Number of protein chains: 2
Amino acid sequence: MAQNEELDARKLMILKAIIDDYIESSEPVGSRTVAKKYDMGLSSATIRNEMADLEEMGYISSPHTSAGRVPSTKGYRTYVDKILEPASSDPALANEILSKLEDKMSEYGKLIKACAEIASQLTNYIAIGVTHGSAKNSVKALQLVPVDEQSALVVVVTDDNSVKSKLVSLNEKIEPDRLIEMSGIINRYFYGKPANSVTLMTLNRISEESGISRSLLLPFVDAIFDCIKECGKGQIYTEGTAQLLRHPEFDSIDKARDFIEMIQDEDMLEKIVNQSEDLGNGLTVSIGTENGNDGMSDYSVVSAKFEVDGTCIGTVSVVGPTRMDYKNVISSLEFMKKMLEKKSLEGKKLLTDGSDIGAEDIGDLN
Amino acid sequence: MAQNEELDARKLMILKAIIDDYIESSEPVGSRTVAKKYDMGLSSATIRNEMADLEEMGYISSPHTSAGRVPSTKGYRTYVDKILEPASSDPALANEILSKLEDKMSEYGKLIKACAEIASQLTNYIAIGVTHGSAKNSVKALQLVPVDEQSALVVVVTDDNSVKSKLVSLNEKIEPDRLIEMSGIINRYFYGKPANSVTLMTLNRISEESGISRSLLLPFVDAIFDCIKECGKGQIYTEGTAQLLRHPEFDSIDKARDFIEMIQDEDMLEKIVNQSEDLGNGLTVSIGTENGNDGMSDYSVVSAKFEVDGTCIGTVSVVGPTRMDYKNVISSLEFMKKMLEKKSLEGKKLLTDGSDIGAEDIGDLN
DNA sequence: CGTTAGCACTCGGAATAATTGAGTGCTAAC
DNA sequence: GTTAGCACTCAATTATTCCGAGTGCTAACG
């Protein structure tokens, strides 16, 4: 039987049965189980012959003679690419997720973190959210807030609506009113400009035109740059570490620890997440040895790029054992991805529908 | 031998040896080990007699006949209260910690989170940070930032320098300039006022005096209240969950999972953290059964209230097995606590020393 | 020629038995 | 009061047996 031969329908059915069962039970699957549980109208002996073929072709393997068969990377790959049919989505779930994301929509960092959290809850695996730190953030607004007579808080809002703040200590005393006045002046110079367009020259010009001394201005501008830099930095959120212990592959503490330690390493994460076998639906699945990394050969990664208003705001990846519930993981991520995209379009519409904020909302605050 | 009799010096020494060894090895400690490793100038037989006494008095117990002894809650309590001598602090460590906290000092939420992170790293146990959400936050500054023509971001800075933001959708279009103008007006009404002093009446007055329509004002005021409410809410940060797996008491996955699940439960956390056996140094140690909670009988909690400028900003608790390295945990928390207090005093001083921000800082940003 | 019943064989895992050794309590001598 | 000596206990380790799920192969069947 040639290696590159296509699988016929029956072999595909049997492969599906084996993988479904293995995903469910985490035990090697025997011919009898396939014949009985997934009634194929065939005897176990026939299944056995087919399984021998599948093994020869590299789709499955047996841990030892008297055990059943276990899917190989190639087997999972075929399962994911050719066998898996899309799951239907649950509208109740959709609403639940929507409500959780509702007030996170404004800031992309928090949004990605929330998405990773939800992805982890939906799938029971670890989810990793990575924000798409872009270096060309511009300032949307900034404000200097008096803290005490010689320090102030710089609050910066960048064009992706993320808010960062930094405490600034000054050499000289400064009046709150003066600070607020400065706030307005600096704001005007920074507003809408990409961060890197503000240079030493600009600083001098601000100083000249506004009459604010360079030495007073500098600490604030420094802090503003720090804030921008921080916004540009991609954040990594790892959610659901505790989920790990639910899965039988982590029966020994050592395995769990090794995995967690690998997951903690940010460089490693970068590699893990940046795979690119697009499935056509905007998702990426990397299975076992496909990860290219020794330590990851027993794990799979499903990643989704999340977009809002057409721009990529980050990725969420679900990482779990190769014996992962691909159907659930893929459909969960796909679902969230679609929802975000729809939501961002609807957002515009929603605004014209009127808001449900009424006078009673303020009543109970008194 | 009476239960309430004081331990003599020799018994204390032996108890200390047993606990030290048990903390180090996690194995029941035998008389031979105590005699040889902690040379007491006594034979194992003598130690054995003393150990029998200690057991009778409830300071130690043996898991079974042919094992060594293990400290009881009472034993640990004596160890913590009477035996433990304070550890000396490491100046290099101090600097490292200081630098990590440097730019977190402005916002208490982040500060507590950072402290919990550091505490976990220092001790190798799980650390839980709880912020001291106070309901009477006042607004220090607020700003409305245009997002698109029908939505804006409300950014609120409260008096504890925490910054919260919220996206507001409007029924009508609004010009960016108008928004900035409103920003100034609303700001003036809220500035410095405790949150609950702004009532429906105030809203009407703002509307009258500024000429801004009530319906336009309302969503913003609502959002501001939401931000304040969020600031007031105490946050809980759990750091270092992965540390768990380092300790031999979590040799079985079940134990680890049970513990993690307990720790995830916020109500439970509340109970765990709110213990109050002050040691005189501002710390609180709750050992095993002292926790009063069934599930916690194998764990100990060391908590520290953290204060800045004389007001409590939150607590950091380290949670680990009763066989915890109390010396390290206590001294680590004590150290951080002191550092924060010193730092907050020095802060004022630092401001007058001049800052190290110079022109070169802006140079490399171009 | 594909399918199936039957059978001998394999081998990991569970159950059981044997062995080891760390630690104890007690007694008697110093 | 301290200590050496000794019989005893019992968890943990190791060896041994036993069981059964699963396989591959062969021969018969439609």
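Atoms considered below: every heavy atom in the structure, side chains included; atoms not considered: hydrogens, waters and symmetry mates. Note that this is a predicted model, so its numbers are computed, not measured.
- Here the options are A:K37, A:R69, A:K16, the test is salt bridge (charged side-chain N to carboxylate O under 4.0 Å, His left out), and the partner is A:D21; only A:K37 passes.
- The environment of B:R257 atom CZ is dense: over 12 non-hydrogen atoms of other residues, nucleotides or ligands sit within 6.0 angstrom.
- The interatomic distance linking A:R69 (CZ) with C:dC11 (C1') rounds to 15 Å, in whole Å.
- To the nearest angstrom, P of C:dG23 lies 11 Å from NZ of B:K37.
- B:D8 contributes a side-chain N or O that, together with a main-chain N or O of B:R10, makes up a donor-acceptor pair within less than 3.5 Å.
- If you walk DNA chain D from 5' to 3' and mark each nucleotide with an atom closer than 4.0 Å to a heavy atom of chain A, the marks span D:dA21 to D:dC25.
- Atom CZ in B:R32 sits roughly 14 Å away from atom P in C:dG21 (whole-Å rounding).
- Geometrically, A:K255 does not engage A:F250 in a cation-pi contact, judged by NZ or CZ lying under 6.0 Å from the ring centre and within 45° of the ring axis.
- One interatomic measurement links the two molecules: CD of A:E50 to C1' of C:dT3, which rounds to 11 Å at whole-angstrom precision.
- At the heavy-atom level, A:S31 lies under 4.0 Å from the strands shown only through sugar-phosphate atoms.
- Nucleotide D:dC6 forms a pair with C:dG25, judged by Watson-Crick or G-U wobble geometry with both contacts under 3.5 Å.
- Heavy atoms of A:T46 sit under 4.0 angstrom from at least one base atom.
- B:D298 and B:T322 are not linked by any side-chain donor-acceptor pair at a separation below 3.5 angstrom, with hydrogens and angles left out of the test.
- Heavy-atom distances to DNA chain D give each of B:L42 and A:G30 a nearest nucleotide, and the one nearer the 5′ end belongs to B:L42.
- A:T65 has a side-chain polar atom (N or O) that falls below the 4.0 Å cut-off from OP1 or OP2 of C:dC11.
- Here the C1' atom of nucleotide C:dC1 and the CG atom of A:N49 are 12 Å apart, to the nearest Å.
- For the pair A:T78 (side chain) and A:K74 (backbone), a donor-acceptor distance under 3.5 Å is present.
- Panel note: side chain B:N291, backbone B:G288; a donor-acceptor pair is recorded below 3.5 Å.
- Comparing C:dT4, C:dA22, C:dC11 against the side chain of B:S66 picks out C:dA22 as the nearest.
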